[in-house]
Amino acid sequence: MQVMPINYYIFLSVALFTIGIVGVLTRRNAIIIFMCIELMLNAVNVLLVAFSKMHHLNAFAADQLTTVGTEAQLFVFFIMVVAAAEVTVGLAIIVMLYRNIHSVDINFLNRLKH
Amino acid sequence: MYAAFDNFPALLIWLPLVGALLSFFMRSETAAKNVAVLFSLLALGVVGSSLLYVDSKYQALNQVSYVWLPGLESSFAFILDGLTRTLCLLTAVSFPLIFLFIPVGKYKQPHVFYGLMMLTQCGLMGVFMATDALVFYLFWELALIPVYFLSSIWGGEKRIRATFKFFIYTFVGSLFMLIGIIYIYLKTSGSFNLINFYNAALTHQEEGWLFALFFLAFAIKMPLFPFHTWQPDAYEQSPTPVTMVLSGIMVKMGLFGLMRWLIAMLPHGAKAHQTMVVVLAVIGMIYASLIAMRQDNIKRLIAYSSIAHIGLMALGIFTFQQVAVTGVVIQMFTHGVNVVALWMVADLIERQTGTLSMSALGGIAKKAPNLAIFMLVFAFANIALPLTNAFVGEFMIFSGVYAMSPWWAAAAGISIILSAVYTLNMVKNVFYGEAAAAVQGFMDIRPLQSFVFVVLTVLIFFVGVYPGPFLSMIAETVSLIVNKLTGI
Amino acid sequence: MNKFVFLIPLLPLLGFLINGLGRNYLGKSLVSIIGSGVLLASFALSVAAFNWVNAPGFKPEVIFYFDFIHTGGLRIPISFLIDQLSVLFLLIITGVGSLIHIYSAAYMHEEAAPHFARYFAYLNLFVFSMLLLVMGANFVVMFVGWEGVGLCSYLLIGYWFGNNEYNKAAKKAFVMNRIGDLGFLLAIFWMIGQFGSISYMEVFAKAPTASVAVITGITMLLFVGAMGKSAQIPLYTWLPDAMAGPTPVSALIHAATMVTAGIYMIARSNVLYTLAPASQDLVAIIGSATALFAATIALKQNDIKKVLAYSTVSQLGLMFLALGVGAYTSGVFHVMTHAFFKALLFLGAGSVIHAMHHEQDILKMGGLKSKLPITHLTFLIGCLAIVGIPPFAGFFSKDEILIAALQKNPVYYVLAVATSLMTTFYMFRLYFLTFGGNFRGTDHQWSHLHESPFAMTFPLIALAVLSVVGGWIGIPTLFMEDAHRLSNFLQPVIAPPSEVHHLEHSVEWMLLGAVLTLVLVAILLAARRYGKNFKVENTETGLSKLLANKWYVDELYDAIVVRPLDALGAFLGRVIDNRVVDGVVNGVGKAVQFGGRQLRLLQSGQVGSYVLLMVASLIAFLILQLFWKP
């Protein structure tokens, strides 16, 4: 069986993560920033799953009953759950913001100073 | 559980603490006051009975240790020796008298007031008895925090500013001390115990700057010139019972710290900085006396007079002479008694006339002869007239200072003269002369107040005439401290 | 006897406690009985002690009670020393003290009962302290009494505390005494350091082993203490002001007993002073200067008590002169005779003031001799005694001092003679202005003039008798061989001067005659000027204005000590403490606040900039982690 080299996954993940960072840094729309954050989280998820599979395959060759390397997939589930919760809260905040100032442009938001 | 109460130190910590908690839950003022008086009297009883068990065969009663943080080798370790017995006696005597003196209905939320006062007492007892550096620090802060609340809730007009300054000042000082404690802890075999601290492997250079850290904390607390500026404001703005605790007992924490936690712990550092401290102390004495001469407010006058007296005690400690240090210990006790007495008189005047400005007062002796007589006794005790308590301490301190250097003794002696000037000035302006408008309806003291004053007067003359028992109680502990410095 | 010695000071203390605590409950007569009774009892015990000491085979005895301070090599016992010197002072204090207590009972009768009791309590406390001072067997007990009498002096000067001038005088007395006390205290510490002890016996025994410089230092410091208590230059200005107290107090404290404490101290430490010639010279110079200086001021004072006060300062100066030239016995002798005649003069003045309804200005008196016969006669005896007319008491003691001064240095002799001439002049000025001539007060006062009651005249008479016969215990060898009983009595405690080159008797007779003639001339001058034809002139010019204003010494002290200190205190309080010291402290706070304000600018509130900062620092950490090798 031909296994895809881990490098490919890494490249993909880094690319996604970078897109996410650049998006967060450059965009002003809160929704898009939010999406970029999700993008970064998922980039990490891809990486976690890829490494998990790799480690598991290596261990499986020696011992058929091993569970080595599966923990990372558990982390992925955690991240997804947390991300979901965060989206709920975050979107709620954005909705509230929109109601108050009729905009989701973060450059208008400098109340944190106070 | 029973085992935690079968010794004096534990009782002295627990009694005020329990008293504090009970006071918090009382709803009526009299109940809260009664609880406070009862528990402080019990503490006095414990200290009093401990005077009968000073012999080394009763060591189990006087020295205890309960494990607190096993990982850090820190434990609730306390000792009751000559030095701490004197200070605990001062604490235990002062608190009931102060409680008895507080008029009913003066302070809002009295249960909180009394509770916090008792908590302060607990902290003070802990500071004096602790033989574990971390516990010492813990109680050091524990004594500070209730005082902060007491002053900022029940204080005078400018209380927030004054207490904030006081809090920041002392807190910064104690943080420096914490750094020092941690550093020394790392240099020991891994224990916060006093003995290990005494034996920590420190170079002379390390002792030098560690001295600075500890000294800052203690100098602020005492307060020594030039770290004293929090004091007049804090004394003026705090409610008088708190001022009594502050000036009568809390400033002794600094002096006590100097003895047990500084010069005995860092003898080389102390020797290296001796001249600096002596200079500061002497300048402070004369400086504060001169300022006291020009104060119009009685509270500020007593505050500056107190700075001058504290300077003398610091000077006595840094002579490193047995006689002088013994004198300082006895002086800590007597200064506490005298200054509490003076505050009480000041409080009585303020309660009745609403002012403490000497220019607005005068002729109280005509209206209240009994008060005037007590005031005379306290004033002359403040001046350290022979056969009053302060003379004993001052004589011993000066004799040590003279042995160190006659010139310093002569310079410091100027403050003896100045103390007569400002104290008698106060007596003259407030009590003598024709009765001023503000004192027209002045009432003489009531029986309960007389009782408090009589107790103080008896203490003043007993220690002044026959200080022997005190001296022999103190001597052994002091020689342990002083011996660490001899031969260096 | 030594079992009962402690009662001598304890009884007055008891009287103080009873009168002090019971002042609101005891009647006036009971108070005066208690107050005077305890003193009479003390006097009786002192007489018994005197007999004990005077008996052959007596050795000075130290009676130990308990250790006052005992720690770390310092041991200060409370113990009494009974010897010839202390017993002599005991007699003076309790004897004169008893008379003055009796006198006070009548003099103070106008006071309300509580104040009357307060007065007697203070007086008893004073006697207790004074007894402690002279009975102590070491310098610390002496110091305890020393400060104690200072306290009582303060309390009694300010007895009428409604008057702020009196309170100021009281405070001044205490503070000036304190200045001297500091010297005394330093001397005590020096002795502790040098000899390891403060008991007389040990210090005097070890004194010859110490260097002259050390002994000189100690004795000079002791003398500073004496300057304060015995009102010598430069610390004398409190004594005239101290006349604010009731007149019997002036008689007891500020004439007969307390102010002689300095003389007692130096006589007691005569062993030390003999070892330190420089200190002796200082004592003699200060003493003679004070004697002359105070006498000049007394010439122009118009307050009856002020004249007597300056006269006291002057006489104390003479006593110090005697001590300074080594004639310790003469100094002590003069203390005794002075106690008799000066107490007499003060009590006489009190009687006059009493009769004149608290008028003290002698310019408003005159011609009182017909109305106050007993007072007049006793006052005259006092005057004759103080100026040294034989055979009155003052003659013997003063003559001794003059001779001793001459033997040491003729300059001292000239100064002392000048002093006694001035003394003669101002005393008789006082006498003639008060009792001679015509009455210059109001008619109302004249009609109410009356002789004082028996309780007041009895002490006057007793003291007058003593002022006559008191000197006979010290008859000089000039008149009779070996008749100086006082000198023989004090022999064991005060060694006579070693090298005495006696003057020729003929020279002595001649000098004596000359001085007496001059004194008589001075009396006649005073009589001529202030006798019958005296008119009050208000214009004082030149020297007499300077004298009337006491050489402006008070003003000088005010300008060079009091005011600068006051200003310094104000400056330190307002500027240094508030601005500089507190300024630095607040400066630290301000600096922190300022720093915070600058850092706050980083916090723009823009979420974007926060995120950028976060990412940048993450990258920085990453790079640091990867590429930075320590």
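Chain letters run A, B, ... following the sequence lines, proteins first, then strands; residues in each count from 1. Excluded from the calculations below are hydrogen atoms, water molecules and symmetry mates; all remaining heavy atoms, backbone and side chain alike, are included.
Closest approach of C/F68 to B/G464, counting heavy atoms only: CE1-O, 3.0 Å. Considering every non-hydrogen atom in both B/R294 and C/R574, the closest pair reads NH2-NH2, 4.1 Å. Residues C/D566 and B/M293 share a closest heavy-atom pair of OD1-CE, 3.6 Å.
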Report all side-chain donor-acceptor pairs from residues 121-132 of chain C shorter than 3.5 Å, counting only partners two or more places apart or in another chain.
| from | atom 1 | to | atom 2 | distance (Å) |
| --- | --- | --- | --- | --- |
| C/N124 | OD1 | C/H101 | NE2 | 3.1 |
| C/S129 | OG | C/L125 | O | 3.0 |

For residues 178-198 of chain C, which side-chain donor-acceptor pairs fall under 3.5 Å, sequence neighbours excluded?
| from | atom 1 | to | atom 2 | distance (Å) |
| --- | --- | --- | --- | --- |
| C/R178 | NH1 | B/I383 | O | 3.1 |
| C/R178 | NH1 | B/I416 | O | 3.3 |
| C/R178 | NH2 | B/I383 | O | 3.4 |
| C/R178 | NH2 | C/E147 | OE1 | 2.7 |
| C/D181 | OD1 | C/W146 | NE1 | 2.7 |
| C/S197 | OG | C/S199 | N | 3.1 |
| C/S197 | OG | C/E202 | OE1 | 3.4 |

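Side-chain contact between B/P369 and C/R118 is absent, with no heavy-atom pair separated by less than 4.5 Å. With contacts defined as side-chain heavy-atom distances shorter than 4.5 Å, the pair C/T71/B/F470 does not qualify.
Most heavy-atom pairs under 4.5 Å with chain C, from the set B/Q295, B/Q322, B/K366: that is B/K366. Taking chain B as the reference chain and counting heavy-atom pairs below 4.5 Å, the highest number among C/L74, C/D67, C/L151 is found for C/L151. Among B/L385, B/T326, B/L376, the residue with the largest count of heavy-atom pairs under 4.5 Å with chain C is B/L385. Contacts with chain C were tallied for B/F398, B/Y304, B/F431; B/F398 has the most, counting heavy-atom pairs under 4.5 Å. When each of B/V478, B/V465, B/I474, B/L424 is scored by its heavy-atom pairs under 4.5 Å with chain C, the top score falls to B/L424.
Proximity to chain C (any heavy atom under 4.5 Å) is restricted, for B/F380, to the side chain, taken from C-beta onward. Contacts between B/V427 and chain C at a heavy-atom distance below 4.5 Å involve the side chain alone, from C-beta outward. With a 4.5 Å cut-off on non-hydrogen atoms, C/K172 does not touch chain B at all. Heavy atoms closer than 4.5 Å to chain C are found in the side chain of B/I373, but not in its backbone. Looking at B/S419, the atoms closer than 4.5 Å to chain C (heavy atoms on both sides) all sit in the side chain, from C-beta outward. Neither the backbone nor the side chain of B/A403 comes within contact range of chain C, judged by heavy atoms closer than 4.5 Å. For C/V588, no part lies near chain B; criterion is any non-hydrogen pair under 4.5 Å.
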* To do: Could you walk me through whether C/V585 and B/F227 pass side chain to side chain contact (heavy atoms under 4.5 Å, CB included), step by step?
  => CA-CA 8 Å; C/V585 175; B/F227 307 107; over 6 Å; no
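Heavy atoms of other residues, nucleotides or ligands lying less than 6.0 angstrom from OH of C/Y557 number more than 12.
Remark: C/L565 CG to B/L418 CG distance equals 6.5 Å, nearest 0.5 Å. Interatomic distance, B/Y466 OH to C/I78 CD1, rounded to the nearest 0.5 Å: 11.5 Å. Between the CG atom in C/L568 and the CG atom in B/L290 there is a gap of 5.0 Å [rounded to 0.5 Å]. In this structure, OG1 in B/T229 is found 9.5 Å from CG in C/N578, a value given to the nearest 0.5 Å. Once rounded to the nearest 0.5 Å, the distance linking CZ of B/F225 with CG of C/D577 reads 8.0 Å.
Side-chain contact check for B/N425 and C/K171: at least one donor-acceptor pair (N or O, by modelled atom type) lies under 3.5 Å.
Every residue meeting the ring pair (Phe, Tyr, Trp, His ring centres under 6.0 Å) condition with C/F161, not counting sequence neighbours, appears here in chain and number order: B/Y432.
For residues 152-160 of chain C, heavy-atom neighbours of chain B at less than 4.5 Å comprise C/Y154, C/L155, sorted by residue number.
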